[in-house]
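First comes the structure, then the notes that go with it.
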Amino acid sequence: MNLPAGQGRRPGPATSTWHPDPWHLNVDLHCHSTVSDGTLEPREVVRRAHRNGVQAMALTDHDEVGGLAEAAAEAGTLGLCFIPGVEVSVSWAEETIHIVGLRIDPCNETLVQGLAGVRGGRQARAVEMADGLAQAGIEGAYEGALRYVGNPDLISRSHFARYLVEIGACSDVRQVFQQYLVRGKPGYVPHRWARLDEAVEWILAAGGVAVLAHPARYRFDETRLWALVDQFRKAGGRGIEVVSGSHTEADFVRFGQWSRDFGLAASRGSDFHDPAESTYDLGRLPCLPHTLEPLWADWPELADMQPTIADA
Ligand code: AMP
Ligand code: MN
Ligand code: MN
Ligand code: MN
């Protein structure tokens, strides 16, 4: 893959230089494009982030790095710092969890092959999802969902959700998930994703840093969640999302405490998918609390940036 100068070099180890005020840089380390289940092209996501005042951003499409070259090129044109990223789907304790990889080398063979394996089952799963929905009286969902897919390798529940809204089965995608696409509902198909240790291993092999995505979303009790975070850290994970578009304000506080307790650096990311669907727009999240260690505090790419955002 050809990335423009300065954007695609294999990320070296972070320096020991700590940014004087990393908390007030507008950093957004989680979002999606049409290469997975977002609705904007990679270059449009970058333009929107730039318009919103984002200073450094990572595109983190699900199980796919195919949008990074386009996004990096656009970021290079706009003078926005681009961090190559990915969000890996993992099965852990019979639930799906997500691990974000940041500052990855998208050409790394271990990572590329690992992600190809994870994407592999999506097609057959989508056919089964459509069968389930047909039994619930919703015909043609596979073909309908495909019309929303930007990358044929990456058909996801979000594409089905958009189709079901289109045909008036529900009023918004959130409702579609609740009624049709979560465990126990007609369009839900259990699926075996990557193992936690291998997902972290691929990210580390690609020179990246592994971050536990939106921990508040997982339906585990405290003990299970504790075991997950512990295993993640032992596998080589370094960060945890605290200020996330998939979290409530109470979750920011709760997982801020987990970040401190586990010694995992805190991340900030909108999890932006679409202007109408997403709770937070790119870069429009609260700052990380000053009591937390921002994941990016010692990244050399950000060393010379001036703070641009204020505390809420
Ligand atoms: P998949 O990878 O096909 O299982 O789809 C997962 C994606 O569905 C997530 O990345 C979210 O974008 C979306 N999603 C999951 N749960 C919900 C929900 N309750 N409401 C809206 N979107 C959701
Ligand atoms: Mn998604
Ligand atoms: Mn996710
Ligand atoms: Mn995401």
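We count residues from 1, following the sequence as given. Numbering of ligands and ligand atoms starts at 1, following listing order. Quick note: numbers below take in every heavy atom, side chains included, and nothing from hydrogens, waters or symmetry partners.
The pair Arg217-Asp251 does not count as a salt bridge, with every side-chain nitrogen at least 4.0 angstrom from each carboxylate oxygen.
Between His32 and Phe272, the distance separating the two ring centers is not shorter than 6.0 angstrom.
Among the atoms of Cys31, none of the N, O or S atoms falls under 2.8 Å from the Mn ion (ligand 4). Counting backbone and side-chain atoms alike, Glu87 contributes an N/O/S atom closer than 2.8 Å to the Mn ion (ligand 3). His30 lies apart from the Mn ion (ligand 3) in this respect, since none of its N, O or S atoms is found at a distance under 2.8 Å.
Distances from the Mn ion (ligand 4) to each N, O or S atom of Asp271 single out OD1 as the nearest. Among heteroatoms of the N, O or S kind in His32, NE2 lies nearest the Mn ion (ligand 4). Residue-level check: among N/O/S atoms of His273, NE2 sits closest to the Mn ion (ligand 2). When the Mn ion (ligand 3) is compared with the N/O/S atoms of His98, atom ND1 turns out nearest.
In this structure, His214 and His30 have tilted ring planes: the angle between them lies in the 30° to 60° band. By the 30° and 60° cut-offs, the orientation of the rings of Phe252 relative to His247 is tilted.
Distance alone, capped at 3.5 Å, places no donor-acceptor pair between the His50 side chain and the Gly79 backbone.
Residue Trp226 forms a ring-ring contact (aromatic ring centres under 6.0 Å, His included) with just one option from Phe262, Phe220, Trp258, and that option is Phe262.
Between the NE2 atom of His62 and the OD2 atom of Asp37, the angle centred on the Mn ion (ligand 2) amounts to 100° when rounded to 10°.
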